[in-house]
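As the structure lists them, so they are numbered: ligands from 1, and atoms in each ligand from 1.
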Amino acid sequence: MTSTDVAREALPQRIKRIAKRRLGPFGVFFEGFLRHPVMVGSIIPSSRFTIRKMLAPVDWHTCKLFVEYGPGVGTFCRPVLDRLGRDATLIVIDTNDLFIEYLRRTITDSRFIAVHGSATDVEEIVRAHGHEKADYVLSGLPFSTLPDGVGPAIASATHRVLRPGGAFLVYQFTSAARTFMARHFRRIDAAFEPLNVLPCFLYWGWKEDAEG
Ligand SMILES: C[S@@+](CC[C@H](N)C(=O)[O-])C[C@H]1O[C@@H](n2cnc3c(N)ncnc32)[C@H](O)[C@@H]1O
């Protein structure tokens, strides 16, 4: 291999590195999308309008454990940490190691735990970090494109891991998640956020006190 070949081979890597540095979290998110387009399901992180609307019904005073599925580059993590009590914890779970590595490097808050894994294993993950139940679970997962059986498994594990009175918060480009949620949550509040790329559906599935 000549030195020209080496230089030519290294060029795409160099462009990627420069683009990532210039674009910051957007660059990391785009690279994560290029690596796993179906699992990521979007090329642009959620808007501040979606974040504000999605988190509005959360009772931060009683929240001790907040769990997030599919944090990506942490679009929701910072707003959640801003609202979360000093003795509370945020556990985020993502299958994409690029995102988890980025979050561990950029969010140094002691209340923050980033786990490389699947939302299907939320119960084991919550227990492994010393908790029995979660108060709220937030999901940015692309339910409509997840492999067969994964969506229903996640909805059912989420219902089990929530404490009575807690809620499953879901935002999505399609209404697919609602179908999975409806099997477990009797009360589902819904909204729509047009100021997001793409506009998205928002759902809050409440685990009723009687559901144990
Ligand atoms: C649309 S992105 C969400 C981005 C981010 N939350 C936001 O608001 O901009 C979906 C994320 O779900 C992750 N994901 C897909 N399947 C998953 C699973 N089974 N468990 C955990 N994360 C998963 C992807 O890696 C990706 O980070």
Trainee: Taking both backbone and side-chain atoms of Tyr69, is any N or O found less than 3.5 Å from an N or O belonging to ligand 1?
Mentor: no

Trainee: Verify, without hydrogens or angle tests, whether Ser47 (side chain) and Leu195 (backbone) share a donor-acceptor contact under 3.5 angstrom.
Mentor: yes

Trainee: Between ligand 1 and Phe76, can you find any atom pair, the residue atom being a heavy atom, that is separated by under 4.0 Å?
Mentor: yes

Trainee: Just jot down the ligand 1 atoms closer than 4.0 angstrom to any heavy atom of Leu146, in number order.
Mentor: 16 (N)

Trainee: For ligand 1, which atoms sit closer than 4.0 Å to a heavy atom of Gly72?
Mentor: 27 (O)

Trainee: Keeping Tyr136 on the side-chain end and Trp60 on the backbone end, is there a donor-acceptor pair under 3.5 Å?
Mentor: no

Trainee: Are Glu123 and Arg127 close enough for a salt bridge, meaning some N to O gap below 4.0 Å?
Mentor: no

Trainee: Closer than 4.0 Å to some heavy atom of Pro45 - which atoms of ligand 1 meet that?
Mentor: 9 (O)

Trainee: Pull out every atom of ligand 1 sitting under 4.0 Å from any heavy atom of Gly140, numbered as shown with elements.
Mentor: 1 (C), 2 (S), 3 (C), 10 (C)

Trainee: So His159 and Phe185, ring pair (Phe, Tyr, Trp, His ring centres under 6.0 Å) or not? Walk me through it.
Mentor: CA-CA 8 Å; His159 187 263; Phe185 297 88; 4.9 Å; yes

Trainee: With heavy atoms of Ser46 as the reference, note each atom of ligand 1 found under 4.0 Å away.
Mentor: 7 (C), 8 (O), 9 (O)

Trainee: Under the salt bridge (Lys or Arg N to Asp or Glu O under 4.0 Å) test, which residues partner Arg111, sequence neighbours left out?
Mentor: Asp109

Trainee: If we check side-chain contact (heavy atoms from CB on, under 4.5 Å) with Phe143, which of these qualifies: Val170, Val150, Thr174?
Mentor: Val170

Trainee: Number the atoms of ligand 1 from 1 as they appear, then name those within less than 4.0 Å of a heavy atom of Asn96, with their elements.
Mentor: 25 (O)

Trainee: Using a 4.0 Å cut-off to any heavy atom of Ile93, which atoms of ligand 1 qualify?
Mentor: 21 (C), 22 (N)

Trainee: Taking atom 5 (C) of ligand 1 as the point of reference, which of Pro71, Gly151, Pro147, Gly117 owns the nearest heavy atom?
Mentor: Pro71

Trainee: Quick check: Phe180 with Phe168 (ring centres under 6.0 Å apart)?
Mentor: no

Trainee: Nearest heavy atom to atom 11 (C) of ligand 1 wins, so pick from Gly70, Ser118, Gly74.
Mentor: Gly70

Trainee: Under 3.5 Å between any N/O of Phe99 and any N/O of ligand 1: does that happen in this structure?
Mentor: no

Trainee: To the nearest 0.5 Å, tell me how far Ile91 CD1 sits from His131 NE2.
Mentor: 5.0 Å

Trainee: Can you tell me how far apart NE2 (His116) and CZ (Arg104) are? Round to the nearest 0.5 Å.
Mentor: 8.5 Å

Trainee: Checking contacts here: is it the side chain or the backbone of Asp94 that comes within 4.0 Å of ligand 1, counting heavy atoms only? Could be both or neither.
Mentor: both

Trainee: Backbone, side chain, both or neither: what part of Thr50 comes under 4.0 angstrom of ligand 1, heavy atoms only?
Mentor: neither

